[in-house]
Amino acid sequence: MTKMWGGRFAKNTDVMVEEFTSSISFDQRMFQEDIAGSIAHARMLAYCGIVPEEDVTLIVAGLQDILADIEAGNFEFSTSLEDIHMNIEKRLTDRIGPIGGKLHTARSRNDQVALDTHMYLKKEIGMIAQLLSEMQQAIVEVATEHSQVIMPGYTHLQRAQPILFSHHLMAYFFMLVRDFERLEGVWKHTDLMPLGAGALAGTTFPIDRHLVAERLHFNEVYANSIDAVSDRDYILEFLSFASILMMHLSRLSEEIILWSSTEFSFIELDDAHCTGSSIMPQKKNPDVAELVRGKTGRVVGHLMAMLMTSKGLPLAYNKDLQEDKEGLFDTIDTIKFSLSVYAAMLKAMKVNSDRMGKAVREDFSNATDMADYLVKRGLPFRQAHEVVGNCVKYCIDQEKRLLDLSLEEFRSFSDLFAEDILEAIQIETCIAARNSYGGTSYAQNGQALAKAKTILSNQQIVLDMYTKNNL
Ligand code: ARG
């Protein structure tokens, strides 16, 4: 096939080279953005008197027909036409004749591909933010439903202090709040309009870039044409956001996997969210959580790949930059799928509160409260720590828990202990007493749940802004 850029070539492109350099297999998913971008560009060309109005009318109608064709599945993408931009432009010229060739006035594929990718990512940010918010909603629902359930809190994966299961889950909610905010930062740098940079230096035609930006709902226009076609920071920022989000989901996955083991038995995942073993009939595996944990590696890999691809590139466009898309698209697909399946899994899981409560009662996680008791009666904390340490040692030897001790036994360690010590180290008392701001007490947790509702309703304002500023 003759190339759109074939003028200076005496030979056809090697078939293997065509295949190697082509991006149509993956960039075809930007067809809506490519067409919308071309329509806005064409209308601007007419408005600025660069291409006659009647030609632009033909071009726009032709592009709209192509959009309908692609949406109806009546479009065969061709590898020899390299990418989505040239596939569409070629079809336009086939349809309306040489006038179609006027569309590429004052534009290059370098600013065109940048425009399409910016638009595509903006659309996806809107959808991802929505899914992120739904996942947060799911966490709040589960945390609210189980707001009285007590579990051991861990450090070093050793039982540390009693906490509310709800408080533990809400830690993930607040991580996702930061992810949501990080995504707002990504949006800011994605909401920049590159078209009109031309190949790299701008154009000799009297174009109006701000008009195009307004038509395509962009907030700002790149101030430097070389930066406009070279910049992939917004992709790197998105991949960083996605890597951190996946790392959060991966940590939660690790806990879900541990908790659903027989050894913990803190939760049971719904049958609908597990799979079985082909050999061991008794198995019920937490595959979703494992896969999310596993897919974190590939998302972080895409971030690393794009950083490496970018680091040695001279300005402006280099074909290396075509490598930005597969990792970006795969990341988008991976996080959307992960968030969707995760929210459903959380809402359906069974919480085994008896087992969690038993785990707390079987250990010494009220030891800190016992030390705090002594401190409140005047003993310096370090001495109190020592006293309780001795007491724990005694209990281990006697195969007892702190709550099993008699007042005489307590007093053999310190005469500051009185009648009320047993009440002070009841698990519910330990929870209620951690009432410092952000702590695990029932009251603090209730306030955190209320705060979460406010955060979620404020996020709705951002979600509406995304919808409004997308096509
Ligand atoms: N397919 C290319 C990409 O994805 C489009 C831009 C190509 N420009 C060029 N001069 N070869 O980056």
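Numbering of ligands and ligand atoms starts at 1, following listing order. Computed over heavy atoms, backbone and side chain alike; hydrogens, waters and symmetry mates excluded.
Here CG of Asp270 is found 10.5 Å from NZ of Lys350. Values are rounded to the nearest 0.5 Å.
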Show me the donor-acceptor pairs, under 3.5 Å and distance only, between side chains in residues 234-244 and residues at least two apart or in other chains.
residue: Glu237; atom: OE1; partner: His189; partner atom: ND1; Å: 2.9
residue: Glu237; atom: OE2; partner: His189; partner atom: ND1; Å: 2.9
residue: Ser240; atom: OG; partner: Leu236; partner atom: O; Å: 2.7
residue: Ser243; atom: OG; partner: Leu239; partner atom: O; Å: 2.8

Side-chain donor/acceptor pairs under 3.5 Å, residues 63-74, sequence neighbours excluded:
residue: Asp69; atom: OD2; partner: Arg91; partner atom: NH1; Å: 3.2
residue: Asp69; atom: OD2; partner: Arg95; partner atom: NH1; Å: 2.7
residue: Glu71; atom: OE2; partner: Gln32; partner atom: NE2; Å: 3.1

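Considering only residues two or more places apart in sequence or on other chains, Lys284 meets the side-chain contact (heavy atoms from CB on, under 4.5 Å) condition with Glu268, Asp271, Cys274.
A salt bridge links Arg29 with Asp333: the closest approach of a Lys/Arg side-chain nitrogen to an acidic carboxylate oxygen falls below 4.0 angstrom. Salt-bridge check for Lys122 with Glu33: failed, with every basic side-chain N at 4.0 Å or more from each acidic carboxylate O.
Contact residues of ligand 1 (protein heavy atom closer than 4.0 angstrom to a ligand atom; sorted by chain and number): Ser23, Asp83, His85, Arg109, Asn110, Val113, Tyr317, Gln322, Lys325.
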